Amino acid sequence: MQKVAEVIVDVPTMQTDLPYSYLIPQALEDKIKPGMRVIVPFGNGNRKIQGFVIEIKDNISPTETTLLKRIEAPMDLVPVLSPELLELADEMRRTTLAFKITCFQTMLPNVMKASYDKKVVVREHCPQTIIDDVFDGLSELSWELAEQQGKLPVIMKLRQEELVDVVYIVNKKNRAKTARGFKARLSQSELVEVKASLKPNAKQQHLLVDVLLMLDGNAISNSEAKELYELSAPAIKTGETKGWVEIVEREVQRDPYANHSFKQTYAATLNAEQQAAYEAITQAVQERQAQTFLLQGITGSGKTEVYLQVIAEVLNEGKTGIVLVPEISLTPQTVRRFKERFGPEVAVLHSALSVGEKYDEWRKIERGEAKVVVGARSAIFAPLDNLGVIIIDEEHESSYKQEENPRYHARDLAIWRANYHQCPVVLGSATPSLETRARAQKNVYQSLYLTQRASQASSLPTTEIIDMTEAETFGKMQTFSRHLLEKVHTRLQRKEQVVLMLNRRGYSSFVMCRDCGYVVPCPNCDISLTLHMDSHSMKCHYCGHEEEIPNTCPDCQSQKIRYYGTGTQKVEEELQQLFPEARILRMDVDTTRRKGAHERLLEQFGNHEADILLGTQMIAKGLDFPNVTLVGVLNADTALNLPDFRASERTFQLLTQVSGRAGRGDKPGEVVIQTFNPEHYAIQLAQRQDYERFFRYEMKIRHEANYPPYYFTAQIIASHPEENVVAKKMYDILLGLKEQLSDQAIVLGPTPKAIMRVNNRYFYQIVIKYKVEPNLYAYLRTILENNQAEISKGLKLSVDTDPLNFV
DNA sequence: AGCACGCCGACT
DNA sequence: GTCGGCGTGCTC
């Protein structure tokens, strides 16, 4: 019976988000497997596109099969998606409402996404005159070139006359990097004979034969032969002409950490709490329990050592493990800790890797060479079999949620995969998200606590709050309190280091006219432009618009146009004026844009090449410098006043985290928090590092206001170039929702987004708060389906079934 | 997404 | 009368 493959095609639309059936050609019958990529003809013109086989059927009636097209070619030799990941894609499609094809592409390295080309090929009976005129005498022409040269009308006509064909090409990008190499064509004994016949002064040829003998039939790359044995290229060439060697192409692995050397480290002795956590988790590993643990441990309590030893046990059992780390923490220091313990069994998936490097790491995992995967969010899709544990460090980090389709949360998928493999998940944090902590409270997750700092010498830092409404400040911008400056001063004298954090949001420089108060707005968005001194221009952070800095007020022509605000650059300048002798390192989006810049800056600071590290949120994570004895938070409030119910939670987490940066060594640490809201509970409780009180207080607030974790939320965002179009659409959607939802559900909106216009589009949102709405996801899907027509005409509609951001 | 079919405006 | 605009609908 004819075999048929069910294929998800690479056409990301609502209407094509379903499997299409294709015949499997006889020759490929036993080759095509679920999880493989294939090239299939699609649509009227039979253009060739990529597809994923999800199922093979052989019980299709013969009458049906005659209507089917056939698979053109496989794109893989073995499936790139395991049955597990195929199932996980189902789950993702169901819960995030994203297209199946988008889910597949998210699960795989970027290079596996096909790109498409088109070309025009002359047919056999095409007259030579036309070939000369249109194709410059060649047999084909790329579509792109034909378009540029304005030849499309001619080509259309030629195609109707059947003189030329339009051919579609699916480009595979995932070519493994290959290198030229060679291996012996002769047997060992023949080589010995050859060597005996060589003249004594033919040094390179002797060397070549020696190398060949040593390789014993194995291949080596030319570059490796040169590097290791100083074998020259001409010698290899000679070997080829004389028939001693065979030239081969070898797949080479790009190892992004090839230049690092790692010395083996061994398990440290665990304290009682760490030991208890270790035992609970490894017991779940051994007993194959899909238990989720919340490992709640203060900064410096040695969570990582617990992870390492759990993984060691997992490997010992012949299983594999995934460790997720926030993108920003995936520094060489973090990687080193795992590489030093587990060596080449560790693969690292990191967004800073090139697409090729990422593919190589992925291949290494797929081939079973790596047993431990350390990576950011998308490493949750690592193609590991036989998972023994999934660890998510800094569980509360928002970077685990993808803010584009598919809008998945790595934590949810981790729990799904753990269920599949019957293995535990460990969620680690000093400041767990309220959702996670609430689940632990209800014993859905099992709680494990680490309350002691692992190294006895270090103690918790002392934290002071400075009320900026009353404090004596310094400088034009009132960025620094006298108190903080004095403390910075003493550190500089003592040759200790200081970390200063600037909450970036709402803290950028802008230009304002002192006469009329005019602020230069973005022409495309409802926001003012930000001043950038490095490029001497005004930029919009939302749409990228850039323009010159005005000399006179564009509104009233006054000359009195001045710079305001405190961007990191401005603060750096002022700090430099206050401490001319201090070496300051600035770390923000501008200085870390270039690949590897982030690590380089941190390394410099670690080597004490700077005294003060001044940066945005990104400095709060994971850095561990023993010489830092003072951490200053310049503006603790800015995130606090956002209209988002998680504002307090984020502020508390951030402040607790930066505070942990002080006093990591044997010298005591101090933290100074400058704020305009000194009485706010998030700030007060962060000062005392009192997560428990914060949790209870915040839960009360969430309960009273019907927010998570007491309620689930869903968010619909629509945008359109015309405001009345979005507004009307959203009211329509609201009406439909009201009909579908039970009266327990609460619908907020539609309301314009805080920045209503971005890039000349108007944004509105609806938020749904609910407890039990079994039909909600299905109905949200129908909303997307019903608006297909408008979506193709400029409406943008996005649905998030578990949003993290409401601003 | 990309292509074909189809129904209304300005041209040889 | 036709060439071509892009609205609509379909793709195994």
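Computed over heavy atoms, backbone and side chain alike; hydrogens, waters and symmetry mates excluded. Naming: A, B, ... by sequence-line order, numbering from 1 per chain. Worth saying up front: this structure is predicted, and the values here are computed from it rather than measured.
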Salt bridge A:Glu722-A:Lys729, side-chain N to carboxylate O under 4.0 Å: no
Sugar-phosphate, base or nothing in reach of A:Tyr168, heavy atoms under 4.0 Å: sugar-phosphate
Verdict with reasoning, A:Glu91 to A:Arg94, per salt bridge (charged side-chain N to carboxylate O under 4.0 Å, His left out): CA-CA 5 Å; A:Glu91 167 76 1; A:Arg94 194 182 62 76; 3.3 Å; yes
A:Phe381 and its ring pair (Phe, Tyr, Trp, His ring centres under 6.0 Å) partner, picked from A:Tyr408, A:Phe104, A:Trp362: A:Tyr408
N-O pairing of A:Asp58 and A:Lys3 below 4.0 Å: no
Rounded distance (Å) that lies between atom P of C:dC3 and atom NZ of A:Lys157: 11 Å
Atom-to-atom span, CE of A:Met14 to P of C:dG9 - whole angstrom: 17 Å
For atom CD1 of A:Ile49 and atom C1' of C:dC10, their distance in whole Å: 13 Å
Rounded interatomic separation in angstrom, taking CD1 from A:Ile54 and P from C:dC12: 16 Å
A:Ile155 CD1 to B:dC3 P, straight-line distance once rounded to whole Å: 13 Å
A:Asp10 CG to C:dT11 P, straight-line distance once rounded to whole Å: 18 Å
Option among A:Val120, A:Val154, A:Thr129, A:Val122 that satisfies the side-chain contact (heavy atoms from CB on, under 4.5 Å) test with A:Val134: A:Val154
Heavy-atom side-chain proximity of A:Tyr116 to A:Asn171 below 4.5 angstrom: no
Interface with DNA chain C, restricted to residues 114-123 of chain A and to heavy atoms under 4.0 Å: none
Test log, rule side-chain hydrogen bond (donor to acceptor under 3.5 Å, both in side chains), inputs A:Glu327 and A:Ser351: CA-CA 8 Å; A:Glu327 185 68 59; A:Ser351 75; 2.8 Å; yes
Salt-bridge present (A:Asp360, A:Lys364; N to O < 4.0 Å): no
Whole angstrom value for the distance that separates P of C:dC12 from NZ of A:Lys57: 16 Å
Residue closer to the 5' end of DNA chain B, A:Thr13 versus A:Asn44 (nearest nucleotide): A:Thr13
Contacting residues from residues 16-23 of chain A, given that a heavy atom lies under 4.0 angstrom of DNA chain C: A:Thr16, A:Tyr20, A:Ser21, A:Tyr22
Residues A:Asp800 and A:Arg407 bridged, charged N to O under 4.0 Å: yes
A:Ile8 CD1 to C:dT11 C1', straight-line distance once rounded to whole Å: 14 Å
